[in-house]
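Each remark here refers to the structure printed beneath this line.
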Amino acid sequence: MANEEIPKKYDWKESENKWKEYWEKEGVYKFDPKANGDMYAIDTPPPTVSGKMHIGHAFSYSQQDFMVRFNRMKGKNIFYPFGTDDNGLATERLIEKMKKVKSTRMERKDFVKLCLETLDEIRPQYIADWKHLGISCDFSIFYTTINEHCQRISQKSFIELYKMGREYQKEAPTMWCPECRTAIAQVELQDQETPSTFNHIIFKLDDGKELIIATTRPELLPACVSIFAHPDDKRYKKLFGKNARVPIFGHEVPIMASQKADPEKGTGILMCCTFGDQDDIEHYKEFNLPLKIAITKDGRMSEIAGKYKDMPIKDARKAIIEDLKNEGLLLKQEQIKHTVNVHERCGTEIEILETKQWFIKYLDLKDEFKRIGREMNWHPPHMRHRYDNWIDGLRWDWCISRQRHFGVPFPVWYCKKCGEVAVADESQLPVDPLADKPKKACAKCKSNDFEPEKDVLDTWATSSLTPQLATELFKNNPVYKKIYPMSLRPQAHDIITFWLFNTVVKNYLHYKSRPWNDIAISGWALDPHGKKMSKSKGNVVEPQAVWQKYPVDALRFWAGGSKLGDDMPYQEKDLVTGVKTITKLWNAARFAFMHLGDYDPVKHADIDLEAYDKALISKLNRMVKSCTESFENYEYSKTKMETEKFFWQDLCDYYLEVSKDRLYNPDKRGENARRSAQHALYRAILTTVKLLAPIMPYITEEIYHTFFKKHEKKKSIHLSGWPSYDENLADENAEILGKIADFTVEHVRRAKSEQNISLKEPVKRVVVEAKISEEDFEKIKEDIKGVTHAEEIVFEAIKPESKKDMECTIDI
RNA sequence: GGGCUCGUAGUCUAGUGGCUAUGACGUCUGCUUGACGUGCAGGAGGUCACCGGUUCGAAUCCGGUCGGGCCCACCA
């Protein structure tokens, strides 16, 4: 391109649209199953299609993309699929709202169909945000966690684990959300601090004596089945074996001893209800207590609550407290704050109900899961502790059935005659038992009369299969074997216990192997004050609004500023810095090419370099080495920092200024001096742009095409190869000379600044003292003279034994 | 209560034993330097949370204290 055609300003909006389209049209990120090079396969997190991309997504997806782009430039064969997560409650709610329907009033098949159709409509717009962010996925390797492909894999997984004996169905106390009316798993619990009242309630003994029990949940009184105190508690020892009468409800319950009772807590004596908490379940099992259910699946009082029947839990609590007061059975009330478990989707306090559910048995495998955890490389390493910590705290088998309408159906029927479980045949997957029939008669009694399972699978039972959902798209291709285990699982730290752990579980159960080699855990984007963003606080920043105002590259540049795993405050000023860097890159490249003229990197490859240029190339070469190492270690922020510093300080502030004399005045300095500068400029700008390409894909592509493509010939900078370290370019001596030159320039600049005079003003005399030979100094003398506009430069050698290394005196 | 993690100029941040503690933003003073004023040059600004220890030497290692964050547990 001729100089006059190069625009003075970089138009980022135009550039973004142009390259986004070009990358797609040219298949720059297309996976090639036949390509050479080591495989680098990414288990891309499928974002929930029912939401909008938020700044946290922009943050963490940018970070994973840096690493992918680096590996692509390194020549690896990139398998980078994209999926959307549209399974589960979030989608169900969205479709109900959008289409004004109630899923429960529709046939499951019809509702699922409506979901799939609606999702197909809204998905392209949603994915467009990810494309705009510059994520270099091959978007044609695509799955949605609810489509037929995924349903088939998910159901197949269920069938396999069932046949292995890892899945069982059981009537058991289960965590239940009365709002969503479904069983949930331990991982879906969330803590919430809630104000509550500690009620001291009077129970009567046979002999008329009173027993004071403190509880926050008096509505569970009808479900009270026993009373416990610590075996050594002197206050209650004599009561063991006796009965107490439950106030209002009047039934008698035994008073027993339990190690779990804490004499220090409350009144030291507690009531056991079926069920209020974990301990109740354990007491229920240990003492073989009766089952009294006070709460129904929709969060109301059951029949045993008598006159409180059908009341919502909280109303019943109030009414019972009122009645206790009236009967003089409420001794006192204390206001307390305590944390309760709520359902993470809806914030409703969970209940423990006895229901029939499907479970994956895995508590016996804790050590194996931890072993697999140690087999993988965690970045940063300490994130593995969260994983171990979670496994240590696991107390429930994985409940995988949900009493919902939308999701992957259980491929299961029950024989009406004998109750035997019939699982679907693999050939009929995906299957909906509500509409389809088993292929064979009942294995036990040969009956053909079946009852379908209505429940759907937990959404995590499917999303824990993302390595399979993606790789099985290439099941019939020889490359299939090379993709698994995948190279990388990138994700944020909040779902280590959900997605990451569950994926390890499924992959272990199916293959006894780890799903990935590396794990990269991103942090969160925080508000400018380091606080978590949330809609209720009103401090949410939308990436769509950001890239209206700033280039996407600037947003990614910000995301590249934090170490992997660290949270990062979002500050608009960081975007401004990004914009400045983009402008500076554009201008520096423009400057370089204004002066490159007929320079040809191939034809002029054997140029005899000037000392100052050798210094630059040597430094650049060292930087390539350390940037590569940083990237290989997932430390993209180090690469960014180092490159940025080199570019801004070494290259722009010093090199470009020093080289001007040679570029503008070839008559004075000679043809070789000019060619040498051209060579250094070409290499330095190209290398810098390549090092920043993973972080800022748009501006670097623009610069590559505008200036370098005619020489470099690759169709994209992102396929142009990562710069390689060349030992032969290391030149320690040249770097020392470079340092002396820069030191001198700095001193002259300071002297001029102190005198408030322009940098282009000449100075009379500069005396440089350094520990080099006169001969070596001659190699940089003209460069120093050119940039400082010194009329006279005098050199004095410092003796090797002297303490100081260099000195500079200026005579203005 | 347990695990992990962090505490560095007004703000964000680099730095895991060794020159005068890094960079950016902000601030102050200059400079219309033939790429860029979205720029250039220069300056001011820090008891590296606190206490103690190891060491010739500590922001960095060890112990403790205080404070923030995340996860888990408890929820009588």
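Residue numbers begin at 1 in each chain, while the letters A, B, ... track the order of the sequences.
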Next on the checklist: Over all strands shown, is A:D653 touching base, sugar-phosphate only, or nothing at heavy-atom distances under 4.0 angstrom?
Outcome noted: sugar-phosphate
Next on the checklist: Mind checking if A:D262 touches a base, just sugar-phosphate, or nothing, with heavy atoms under 4.0 Å?
Outcome noted: base
Next on the checklist: Less than 6.0 angstrom from the centroid, inside 45 degrees of the normal: does A:K660 satisfy that with respect to the ring of A:F591?
Outcome noted: yes
Next on the checklist: Given the ring of A:F198, does A:R217 sit roughly above its face, with NZ or CZ under 6.0 Å from the centre of the six-membered ring and within 45° of the axis?
Outcome noted: no
Item to check | Separation of the C1' atoms in B:U54 and B:U60, to the nearest angstrom | outcome: 14 Å
For [X] and [N], is the shortest distance between a side-chain N/O and OP1 or OP2 below 4.0 Å?
X      : N     : value
A:K260 : B:C74 : no
A:K580 : B:G39 : yes
A:T216 : B:A76 : yes
A:W390 : B:C4  : no

Next on the checklist: Pairing donors with acceptors under 3.5 angstrom, does anything connect the side chains of A:E642 and A:S630?
Outcome noted: no
Item to check | Pairing pattern in dot-bracket form [Watson-Crick, G-U; both distances under 3.5 Å; | = partner strand] for RNA chain B | outcome: ((((((((.[[[..)..(....]]].(((((.......))))).....[[[[[..)....]]]]])))))))....
Next on the checklist: Tell me whether the side-chain N or O atoms of A:D392 pair up with the base of B:G3 as donor and acceptor below 3.5 Å, since no angle test is needed here.
Outcome noted: no
